[in-house]
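Take a look at the structure set out below.
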Number of protein chains: 2
Amino acid sequence: MPKAVVSEEKRRRRRPTRGGRVLSERLIVDTALRLLREHGSSGLSARRLGLALDCDPSTLYRYFRGMDELTLAIGDTLIGQALSGWSPTGDWRDDLRALGRRIHQAYVAHPQAAVLTTSRVTGRANELAADEAVLGVLRAAGLPVAAAVRVYHAFIDQTLAFAALDAASLALPNAALRAEDEVWSTYARLPATTHPHLAEAAPLLATEMVLSAYPSALELLLDAVATRLAAA
Amino acid sequence: MPKAVVSEEKRRRRRPTRGGRVLSERLIVDTALRLLREHGSSGLSARRLGLALDCDPSTLYRYFRGMDELTLAIGDTLIGQALSGWSPTGDWRDDLRALGRRIHQAYVAHPQAAVLTTSRVTGRANELAADEAVLGVLRAAGLPVAAAVRVYHAFIDQTLAFAALDAASLALPNAALRAEDEVWSTYARLPATTHPHLAEAAPLLATEMVLSAYPSALELLLDAVATRLAAA
DNA sequence: ACGTAAGGTCAACTGTGTTGGCATAAGAGT
DNA sequence: ACTCTTATGCCAACACAGTTGACCTTACGT
């Protein structure tokens with residue numbers, strides 16, 4: 001019960017666990033990501049993490065104040081992955097599109113983790129860097145501060161929102177996935193008298209709904225920004 | 001232990017609980033909504049629900065296969081509330097806007113419940129009705145089936161995605177809310193050398209980020225549909 | 001070489017979803 | 001009105017969750 005967790009830089013003495021591994025924030029987060037992938041979004045627990053790291057669950061509390069703080073760290077790691085290797089080209093439209101796609105993709109690449117962490121503001125390093133990047137692109141494009149903030153808001157919310165939604169359906173355990181398939185094919189069996197449009201659209205729905213609507217939504221937003229820039 | 005839950009219509013014998021109340025799906029869902037509002041999105045549990053209904057937690061399994069199915073029922077109730085009293089005017093743009101706002105609003109009005117249920121396809125009655133309504137509006141506007149399905153997809157995903165995001169920040173317990181405020185004001189204290197754009201935008205961010213970006217995103221989508229209709 | 005405290009471990013607490021077995025009263029059929 | 005059936009309530013128990021306080025040990029700064 002560390003009242004205060006020692007920050008990663010201040011960490012001095014590294015004692016190995018009984019299994020011989022030396023812990024670190026990094027190692028814990030990576031292992032958590034692995035567990036999430038293997039056991040689904042509800043498959044991460046202090047106990048399982050302890051098992052995987054061969055340490056007592058309570059040890060984790062030396063590194064994070066609780067499972068919630070660990071969750072935030074996982075989220076920040078995802079954003080870090082999204083940004084790694086990116087640099088602005090100078091074309092605001094390309095840059096914004098790339099940032100949006102990268103963030104969306106990073107979350108969707110870890111759906112089980114994304115489910116836990118989207119829609120949480122962490123204020124950690126990588127998230128700050130991402131916000132700074134987006135605002136920088138918009139300001140460089142010529143938007144005044146106030147407008148840039150509004151666009152930034154729509155942009156980041158839209159990206160995270162779609163990421164969350166897309167991740168959620170990807171993260172469903174197999175059983176639930178098959179259940180959702182059932183639902184869509186149920187649509188096909190609906191009587192045309194009560195649900196004519198659903199019955200008509202059913203075959204198309206089954207194929208359309210497995211794709212993400214994010215790319216088209218993103219282009220819509222970019223168009224809107226272009227219009228605003230042209231008007232000024 | 002009930003392998004199969006008896007469906008609501010087939011329910012015959014209504015025995016009151018020890019507290020004298022007669023249970024029903026409806027009563028259970030309503031009580032769950034109350035608990036969610038009072039105790040937050042993680043405040044719903046079989047045991048607490050049992051306590052509130054004055055019945056044994058296991059009794060709930062006579063009505064729902066598990067907490068997950070109860071969750072889906074809650075979600076469907078929200079959609080039902082969104083649709084209740086709505087009818088099409090014939091103006092596709094007004095109708096679509098109204099549907100979007102109503103659904104978004106219904107979720108945001110129950111943020112704690114929305115957090116649990118957005119991004120879950122239930123296939124229950126009210127959800128079917130909503131899907132049918134949206135498709136009906138689009139077809140009546142003159143869109144061919146394939147296009148209507150694509151727009152429907154973007155529309156419904158966008159609405160749910162923003163609802164989820166907006167609900168999530170509304171549903172944060174007070175402590176976390178204050179923590180998020182902290183984060184935004186931390187932005188203001190960032191050194192302008194490392195994060196110039198964030199530092200500049202900080203005061204605007206603090207006020208902008210508490211508003212929903214959904215209304216503007218919705219108008220963007222409606223514009224896109226109008227363009228497509230005009231082209232045909 | 002020593003003393004300190006970081007950080008590992010252990011045991012225990014409360015709360016969770018879920019299930020199998022049992023009991024009872026509501027309603028159907030006569 | 002009497003029975004018979006069974007829907008639906010209750011109880012006890014299970015394995016799992018997060019979290020904490022006390023304890024111990026070993027790596028490091030001096």
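Note that these values count all heavy atoms, side chains included, but never hydrogens, waters or copies made by symmetry. Every chain is numbered from 1 and lettered A, B, ... according to where its sequence line falls, protein lines coming before strand lines.
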With a 4.0 Å limit, can you tell me whether [X] has a side-chain N or O closer than that to the phosphate oxygens OP1/OP2 of [N]?
X	N	answer
B/R18	D/dC11	yes
A/S45	D/dA17	yes
B/T59	D/dC10	yes
A/Y61	C/dG8	no

TODO: For B/S42 and for A/R21, locate the closest nucleotide of DNA chain C by heavy-atom distance; then report the residue assigned to the nucleotide nearer the 5' terminus.
DONE: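 First, find each residue's nearest nucleotide; the 5'-ward one identifies A/R21.
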| Is the number of heavy atoms from other residues, nucleotides or ligands within 6.0 Å of CD (B/E38) greater than 12? |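 Yes - once you tally the heavy atoms of other residues, nucleotides and ligands closer than 6.0 Å, there are more than 12.
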- prompt: When the ring planes of A/Y214 and A/H104 are compared, do they come out parallel, tilted or perpendicular, using 30° and 60° as the limits?
  reply: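 Plane angle under 30°, so parallel.
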Nearest to the [X] side chain among [options], which nucleotide is it?
X	options	result
B/R62	C/dG17, C/dG8, D/dC10	D/dC10
A/S58	C/dG8, D/dC10, C/dT9	C/dT9
A/L23	C/dG8, D/dC11, D/dG9	C/dG8

**Q.** Within-4.5 Å side-chain heavy-atom neighbours: B/F162 and B/L218
**A.**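 A side-chain contact under 4.5 Å is absent here.
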| query | Could you state the interatomic distance from CG (A/L116) to CG (A/L70), rounded to the nearest 0.5 Å? | reply |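 CG of A/L70 is found 9.5 Å from CG of A/L116.
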Using a 4.0 Å heavy-atom cut-off, does A/R47 contact any base of the nucleic acid, only the sugar-phosphate backbone, or nothing at all?
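Counting heavy atoms under 4.0 Å across all strands, the contact made by A/R47 includes a base.
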